[in-house]
Amino acid sequence: MFDAPDSDADLLARAQALTGRTLGEIARVLDQSVPADPLRSKGWIGELLETALGASAGNLPQPDFLALGIELKSVPIARGRPRESTFVCSAALAGEGVGWAACRVRHKLAKVLWVPVEAEGSLTDRRVGAARLWSPSLDDEALLAADWEELDALLRLGQHWEIEARRGRVLQLRPKGADGRATTWALDESGEWIRAKPLGYYLRASFTARILEPLQ
DNA sequence: ACATGATCATTG
DNA sequence: CAATGATCATGT
């Protein structure tokens with residue numbers, strides 16, 4: 001649709017141009033129609049923003065802005081706070097065992113453009129807020145690393161069934177499947193390969209609220 | 001099945 | 001009403 005942004009500043013300028021616009025306005029410029037059924041259009045806002053900002057990755061396992069190493073995340077905002085957690089990536093149910101420094105969560109979160117979007121009202125009338133380019137602070141990184149190491153250790157021990165969303169202060173594991181029948185490979189406690197429900201890493205809404213707070 | 005994009009629906 | 005567990009769409 002559009003060329004990829006050629007610098008952080010270029011990307012930020014494009015994002016700023018969207019600030020205050022409604023999704024209906026953006027869709028019209030892109031010659032797209034706004035979905036009639038929000039229930040069946042869960043990823044539409046993120047995809048619209050990708051197109052509007054010149055993201056390139058599509059659904060390939062790459063950063064949205066490959067040349068800049070930047071990931072795009074839209075955040076639904078209600079009453080001034082993120083209403084939902086943020087999906088990061090799927091979890092290997094046998095664990096990665098590579099350490100925080102080399103894990104997929106850290107790579108995903110190295111540099112993120114957060115774009116707040118109103119979470120209430122009709123899709124057409126929701127407004128885009130001021131975007132923010134973020135990388136984890138040392139404190140953020142320490143919290144994320146501690147949670148990830150704990151969760152990955154449990155996965156490697158074959159204790160994935162004990163993992164509930166309550167674990168993790170800022171990073172959690174939750175179901176991530178097409179439906180209740182989806183399965184993936186996992187280890188059990190005796191180290192045997194079994195099928196289990198897929199899980200994904202998510203950032204808690206309380207964490208994204210804190211990292212977006214400097215927006216105020 | 002798993003990557004991309006997330007929000008929905010039920011529970012406590 | 002927030003948090004947890006479940007689900008929806010699309011492309012490879």
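Here is how names work: the chains are called A, B, and so on, in the same order as the sequence lines, proteins then strands, and each is numbered from 1.
- When heavy atoms are screened at a 4.0 angstrom cut-off, E71(A) is found touching the sugar-phosphate backbone but no base atom.
- Applying the 4.0 Å criterion to OP1 and OP2 of dA6(B), one finds that S41(A) has every side-chain N and O outside that range.
- Judged by atom type and distance alone, K176(A) does not reach the base of dT7(C) through any side-chain donor-acceptor pair under 3.5 Å.
- Between the side chains of S7(A) and D10(A), not a single donor N or O lies within less than 3.5 Å of an accepting N or O.
- Residue R166(A) places none of its side-chain N or O atoms closer than 4.0 Å to OP1 or OP2 of dT11(B).
- Going from atom CG of L23(A) over to atom C1' of dT7(B) covers 14 Å, rounded to whole Å.
- Taking for each of A182(A) and L39(A) the nucleotide of DNA chain B with the nearest heavy atom, the 5'-most of the two is the partner of A182(A).
- Using a 4.0 Å heavy-atom distance criterion, R195(A) is classed as a sugar-phosphate-only contact.
- Nucleic acid contact for P61(A): sugar-phosphate only, since backbone atoms but no base atoms lie under 4.0 Å from a heavy atom of the residue.
- Here the closest heavy-atom approach between residue L53(A) and residue F65(A) is recorded as O-CE2, 3.5 Å.
- For the pair L199(A) CG and dA1(B) P, the computed distance is 14 Å after rounding to whole Å.
- Remark on DNA chain C: of its neighbouring residues R174(A) and R79(A), the 5'-side contact belongs to R79(A), judged by nearest-heavy-atom nucleotide.
- Neither OP1 nor OP2 of dA3(C) sits under 4.0 Å from any side-chain N or O of Q172(A).
- Nucleotide dT4(C) holds its C1' atom 15 Å from the CD1 atom of I163(A), rounded to whole Å.
- Checking dT7(C), dA9(B), dT10(C) against every side-chain atom of N59(A), the shortest atom distance belongs to dT10(C).
- One can place CD of E50(A) at 11 Å from C1' of dA6(B), the figure rounded to the nearest angstrom.
- More than 12 heavy atoms of other residues, nucleotides or ligands sit less than 6.0 Å from atom CZ of R195(A).
- For dA6(B), the OP1/OP2 oxygens have no side-chain nitrogen or oxygen of T86(A) closer than 4.0 Å.
- Residue P76(A) is in sugar-phosphate contact alone, with no base atom involved, counting any heavy-atom pair closer than 4.0 Å across all strands shown.
- One cannot find a donor-acceptor pair under 3.5 Å joining the base of dG5(B) and the side-chain atoms of K108(A).
- Rounded to whole Å, the distance from CG on L72(A) to P on dA3(B) is 19 Å.
- In this structure, the CZ atom of R83(A) is 12 Å from the C1' atom of dA6(B), given to the nearest Å.
- One can place CZ of F65(A) at 10 Å from P of dG5(B), the figure rounded to the nearest angstrom.
- Rounded to an integer number of Å, the gap from CG of D179(A) to P of dA9(C) is 11 Å.
- Side-chain atoms of D147(A) come within 3.5 Å of backbone N or O of V170(A) as a donor-acceptor pair.
- Under 3.5 Å, the side chain of Y202(A) and the base of dA6(B) form at least one donor-acceptor pair of N or O atoms.
- Taking side-chain N and O atoms only, R40(A) has no distance below 4.0 Å to OP1 or OP2 of dT10(C).
- Here G46(A) lies in heavy-atom contact (under 4.0 Å) with sugar-phosphate atoms only.
- Taking only side-chain atoms of K197(A), from C-beta outward, the nucleotide of dA1(B), dA3(C), dA6(C) with the closest atom is dA6(C).
- Nearest heavy-atom pair, R156(A) versus L187(A), reported as atom, atom and distance to 0.1 Å: O-CD1, 4.0 Å.
- Ion pairing of E96(A) with R104(A) is absent here, as no side-chain N (NZ or NE/NH1/NH2) approaches a carboxylate O to less than 4.0 Å.
- Within the structure, every side-chain polar atom (N or O) of S85(A) is placed at least 4.0 Å from both OP1 and OP2 of dA6(B).
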